[in-house]
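These notes are about the structure you will find just below.
All values reported here derive from a predicted model rather than from experimental measurement. FYI, side chains are in, hydrogens and waters are out, and symmetry mates aren't considered; it's all heavy atoms of this structure.
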Protein chains: 2
Amino acid sequence: MKSAAKAMQAEDSAETSAQLIRDSIREAIVERRLSPGTKLSEKDVGNLFSVSRTLARAALQALSYEGLVSVEKNRGAFVAYPSPDEARQIFAARRLVEPGILREAAARITPGDISQLKQLLLEEGRLMSERGQTARRAEIKASGDFHLRLAEISGNAIMQRFMEELVARSSLVIALYGQSTASSCGHSEHGEIITAIENNELDRACQLMLHHITHIETDLDLRERKSLGLKEAFEL
Amino acid sequence: MKSAAKAMQAEDSAETSAQLIRDSIREAIVERRLSPGTKLSEKDVGNLFSVSRTLARAALQALSYEGLVSVEKNRGAFVAYPSPDEARQIFAARRLVEPGILREAAARITPGDISQLKQLLLEEGRLMSERGQTARRAEIKASGDFHLRLAEISGNAIMQRFMEELVARSSLVIALYGQSTASSCGHSEHGEIITAIENNELDRACQLMLHHITHIETDLDLRERKSLGLKEAFEL
DNA sequence: ATGCAGATGATCGTATACAATTTGCTGGCG
DNA sequence: CGCCAGCAAATTGTATACGATCATCTGCAT
């Protein structure tokens, strides 16, 4: 397999410090430890990770390219506060790409992949029944990982990166507009998709995926929340 | 229309210097004034734009997130040199998303959009018949703009940005592996797609789009070129 | 002559310093 | 009493400086 190449490349690039900080902050955002709109000052970030503003700034810039933080000139960086319209676009994008990814993945999937996905599902179910914030966070992550794993199986690194961005931003949207305190993702729907793939019912799997994404979106209340600044109030 | 909101936001963000540099370099890459593999040292870039290494570095970082330059730790930044496999993934991604974008665009397209697209086509045709490097460059840009304009019409900013990345990287791939010295994009195919949209033959338009993308890819010779370092020779 | 070791130069990685801009406060004026 | 001008503090924008890493070249030993 390609583990050799990957290891080589990893050893080579060696995750520069700024990337580590970026990953930490991203994880915090996706797991909802950081709320949308929170200010991320360069100094604070730098102090928090014991680096200079230079690296903090680089990390924040990187996150802004992923749409997870928005940097405003001369004002600073903030955890992104996606507008309802942005939220709709995110889910529209997922509806657009995920069936295609699913098809590619189904064409390349191995029995090993399937059992791995099932195990992921089990883990997800276990977390759902647990109580507590940490379990909730882990559940959020796990439910996203299902979609990410599918993208990985598809073998297209570009689509995989794009999906990572979409899933991360989806988590932000759900944090903002989600109502059902319960699971963000219909857990059972993931299972149905897997069995559809197993049975080679590709069209049905795609249908299920579409419904699944729409289902997540339906559980949102896409009304303008808070007033993240008068600016936005007049933009729309 | 939304020009007011856009102007407001533009006035607000005001394109920081690093972004201007990034845009300049990206344009140079897409128009093939910069060849894949060319070294972009921070000092040189800084001198060229009369800024410090700080800003040059930021611009190069940004371009690396778009996949147009690759930065190697402690070695520097280079214009990306996509591998054949990467090239295939880029076109696979386009086949995956462009039909969907086309559908969205067709649902929202206005007569004004259509005439604008046709005008773009005319311009493209005019450039095709011209000689000279500058005409060739303009043609490359115009043929990409067709796809970009479609994404813009679709009204999904996220997909639009993704398409911008894909089109830019496609240009790099064609620069590397393209054989037909002639047009990168079958010009006539763009026209057929538009007429299909006009006639509400949506399925046919998508089919044409898929063939079009595949046609571009077919005109490539996806064999390893040059030897961008023995490193890569052993990675695969 | 060939091959390895150490020095040298260039380039990147990171921190710090200074300039520019914004924000919030304070004080005077209508 | 409210409002605007102007100052002060904080934050970002950019440049420069220093340390670390890598590439190249020289010179000695084999």
Side-chain angles (χ1 to χ4, degrees), chain A residues 8-25 34 37-65 68-81 227-233, chain B residues 8-25 34 37-65 68-81 227-235:
Chain A
M8 211 165 166
Q9 190 182 358
E11 175 192 357
D12 206 291
S13 53
E15 288 294 323
T16 175
S17 328
Q19 289 175 320
L20 288 178
I21 297 170
R22 161 175 65 85
D23 293 342
S24 278
I25 298 178
L34 283 170
T38 303
K39 166 138 196 181
L40 302 173
S41 106
E42 295 176 355
K43 188 158 78 72
D44 290 349
V45 172
N47 288 345
L48 189 56
F49 292 94
S50 305
V51 295
S52 75
R53 271 183 54 219
T54 306
L55 292 183
R57 187 185 181 82
L60 292 172
Q61 280 291 123
L63 289 167
S64 93
Y65 295 127
L68 291 182
V69 319
S70 74
V71 305
E72 302 179 28
K73 189 174 158 72
N74 278 317
R75 289 195 19 93
F78 305 84
V79 178
Y81 198 103
S227 64
L228 173 71
L230 35 159
K231 192 190 332 179
E232 244 130 2
Chain B
M8 211 164 164
Q9 191 183 359
E11 176 192 356
D12 206 291
S13 53
E15 289 292 325
T16 177
S17 330
Q19 289 175 321
L20 288 179
I21 298 171
R22 162 175 65 85
D23 293 342
S24 278
I25 299 178
L34 284 170
T38 303
K39 166 141 195 177
L40 302 173
S41 106
E42 295 176 355
K43 188 156 78 71
D44 291 348
V45 172
N47 288 345
L48 188 56
F49 292 93
S50 305
V51 295
S52 73
R53 270 183 55 218
T54 306
L55 293 183
R57 186 185 180 84
L60 292 171
Q61 281 290 123
L63 288 167
S64 93
Y65 294 128
L68 290 182
V69 319
S70 73
V71 304
E72 301 179 28
K73 191 173 157 70
N74 279 317
R75 288 195 21 92
F78 305 83
V79 178
Y81 198 104
S227 62
L228 174 72
L230 35 160
K231 192 190 331 178
E232 245 130 3
F234 290 93
E235 267 182 15

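In this structure, the side chains of B/L63 and B/L40 stay at 4.5 Å or more apart for every pair of heavy atoms. A 4.5 Å side-chain heavy-atom check between A/L20 and A/F49 finds every atom pair outside the cut-off.
Atom CD of residue A/E42 and atom CG of residue A/L60 lie 6.5 Å apart, to the nearest 0.5 angstrom. Residue A/T16 holds its OG1 atom at 7.0 Å from CG of A/L55, rounded to the nearest 0.5 Å. Note that OG of B/S64 is 11.5 Å distant from CD of B/E72, once rounded to the nearest 0.5 Å.
For the pair A/Q19 CD and C/dT14 C1', the computed distance is 15 Å after rounding to whole Å. Per the geometry, CD1 belonging to A/I21 stands 14 Å off P belonging to C/dG13, to the nearest Å. Note: CG (B/L40) to C1' (C/dC12) measures 14 Å, nearest angstrom. Whole-Å rounding puts the A/E72 CD to D/dG13 P distance at 11 Å.
Side-chain nitrogen and oxygen atoms of B/R75 include at least one within less than 4.0 Å of the OP1 or OP2 phosphate oxygen of D/dA23. Within the structure, every side-chain polar atom (N or O) of A/T16 is placed at least 4.0 Å from both OP1 and OP2 of C/dG13.
Side chain of A/S41 to main chain of A/D44: a donor-acceptor pair is present (N/O by atom type, distance under 3.5 Å, no hydrogens or angles).
Near DNA chain C, defined here as any heavy-atom distance below 4.0 Å, the residues from residues 42-57 of chain A are A/V51, A/S52, A/R53, A/T54, A/L55, listed numerically.
Both A/N74 and B/A77 lie close to DNA chain C; mapped to their nearest nucleotides by heavy-atom distance, the more 5′-ward contact belongs to B/A77.
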